[in-house]
Amino acid sequence: MTAPMKPPHSSPAAPAPGADLHSPVIDWFEDHARDLPWRHPEAGAWGVMVSEFMLQQTPVSRVLPVYEQWLARWPRPADLAAEASGEAVRAWGRLGYPRRALRLHGAAVAITERHGGDVPSDHAQLLALPGIGEYTAAAVASFAYGQRHAVLDTNVRRVFARAVTGVQYPPNATTAAERRLARALLPEDERTAARWAAASMELGALVCTAKNETCARCPIAAQCAWRLAGKPGHEGPPRRGQTYAGTDRQVRGKLLAVLREAHAPVPQAALDRVWHEPVQRARALDGLVADGLVEPLPDGLYRLPLT
């Protein structure tokens, strides 16, 4: 008589990649997250979107006062869309990279025209808005609507580079390998994935910083591949420095400051006074015009754009 066949042995399912990182990072976030206005429920999706535009390459401390003023003046996308784009540039103040103000204004117009004034929750619709790239679409979908998306900003990329890949810094530009890793590390549950996105970003901002990281405060220090390897130094391309003094960017900022403070067209002579070197000054002004941040008028006058 043939012995009955034994059922095939089934081994327990392997834990998802990163499962040992999720709980400690999210628990740490629950205890240490900063109380920021765009994290409050009343901020809504528009508040989240505004914060994401403003926080690109700008620290929280500089964003907070401008964010509060912006939302008080334009609490909904339609409120901003009804204003001239130049008013967005004026209200942007000294946050830097003022093209972000034009892009945010363009997104507000599109939200008003295409979506009845409500920031869409669909990731593809977010990505189709002017001025919205891969990161911002994922961030709004995740932080405002609790969806499951890989949110890869500089802070998150640095945490993943150190904790998982074992290197001090991520590449200068986001790579396909980083995107694959971020997707692999996403928790399956939507709510948990959204918390993981926010928590890993906060960990990079407060603990796993670019310089002077505080591993003693890190909830995943025991698993961090970079720390366990003895914190080897960066071997990739040189890190890009943030220079400002004497650059065209500084000149552009000075020219825009004159136009922001004026509520009537400004003559060329008033702009000439802000920078001593005429070739660089002209180049900076031409760049502002080409970017749509400044509108030239007849008789050598300039103003912030009306459209």
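Note that the numbering runs from 1 along the sequence shown for the chain. As the structure is a computational prediction, the values presented were derived from the model and not from experiment.
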For a side chain to side chain contact (heavy atoms under 4.5 Å, CB included) check, start with the C-alpha distance between Arg283 and Asp286, then their side-chain angles and the critical distance, and finish with the verdict.
CA-CA 5 Å; Arg283 184 172 65 240; Asp286 288 346; 5.7 Å; no
Check: [Y] main-chain N/O paired with [X] side-chain donor or acceptor under 3.5 Å:
X      : Y      : value
Asp291 : Leu293 : no
Thr112 : Ala108 : yes
Arg100 : Gly96  : yes
Arg76  : Gly117 : yes
Thr214 : Ala216 : no
Gln250 : Gly246 : yes
Arg227 : Gly166 : no
Arg162 : Gln168 : yes
Gln125 : Ser121 : no
Gln69  : Val66  : no

Give, for atom [atom1] of [X] and atom [atom2] of [Y], the distance between the pair rounded to the nearest 0.5 Å.
X      : Y      : atom1 : atom2 : answer
Leu186 : Thr192 : CG    : OG1   : 11.0 Å
Gln223 : Cys218 : CD    : SG    : 8.5 Å
Glu213 : Lys231 : CD    : NZ    : 4.0 Å
Lys254 : Leu259 : NZ    : CG    : 14.0 Å
Glu178 : Thr165 : CD    : OG1   : 7.5 Å
Ser23  : Ile220 : OG    : CD1   : 12.0 Å

Passes side chain to side chain contact (heavy atoms under 4.5 Å, CB included), Trp28 versus Val207? Steps please.
CA-CA 11 Å; Trp28 171 88; Val207 174; 3.6 Å; yes
Measure the shortest side-chain to side-chain distance between [X] and [Y] over non-hydrogen atoms and say whether it is less than 4.5 angstrom.
X      : Y      : value
Phe143 : Arg39  : no
Val294 : Leu255 : no
Pro75  : Asp79  : yes
Tyr145 : Val48  : no
Pro278 : Arg281 : yes
Asp35  : His40  : yes
Phe160 : Leu185 : yes
Val119 : Pro77  : yes

Where do [X] and [Y] come nearest, in terms of heavy atoms and distance?
X      : Y      : result
Asp153 : Met201 : OD2-CG, 3.5 Å
Pro219 : Leu203 : CD-CD1, 3.6 Å
Ala43  : Pro37  : CB-O, 3.4 Å
Ile111 : Pro120 : CG1-CD, 4.3 Å
Arg158 : Gly204 : NH2-O, 2.9 Å
Leu104 : Leu80  : O-CD2, 4.0 Å

Candidate pair Arg34 and Leu206, rule side chain to side chain contact (heavy atoms under 4.5 Å, CB included), full reasoning
CA-CA 9 Å; Arg34 291 168 291 181; Leu206 299 183; 3.8 Å; yes
In this structure, would [X] and [Y] fall into the same cluster of hydrophobic residues linked by side-chain contacts under 4.5 Å?
X      : Y      : value
Leu297 : Leu285 : no
Tyr67  : Leu95  : yes
Val60  : Phe53  : yes
Leu129 : Leu127 : no
Met49  : Leu36  : yes

Under a 3.5 Å threshold, yes or no: a donor from one side chain and an acceptor from the other, between [X] and [Y]?
X      : Y      : result
Gln56  : Tyr135 : no
Arg252 : Thr247 : no
Tyr302 : Glu295 : no
Gln280 : Trp275 : yes

So with a 6.0 Å cut-off around [atom1] of [X], is the heavy-atom count from everything else above 12?
X      : atom1 : value
Glu134 : CD    : no
Glu30  : CD    : yes
Arg191 : CZ    : no

Using the ring of each side chain (for Trp, its six-membered ring), is Trp196 parallel, tilted or perpendicular to His22, with breaks at 30° and 60°?
perpendicular
Using 30° and 60° as the class limits, which term best fits the ring planes of Trp74 and Trp70: parallel, tilted or perpendicular?
perpendicular
Partner of Glu87 by side chain to side chain donor-acceptor pair (under 3.5 Å), out of Arg73, Arg260, His105
Arg73
For Arg148 and Glu190, what are the C-alpha separation, side-chain angles and deciding distance, and is it a salt bridge (charged side-chain N to carboxylate O under 4.0 Å, His left out)?
CA-CA 5 Å; Arg148 183 179 182 271; Glu190 274 208 337; over 6 Å; no
CA sep, side-chain torsions, deciding dist, call: His234, Val167, side chain to side chain contact (heavy atoms under 4.5 Å, CB included)
CA-CA 7 Å; His234 178 63; Val167 296; over 6 Å; no
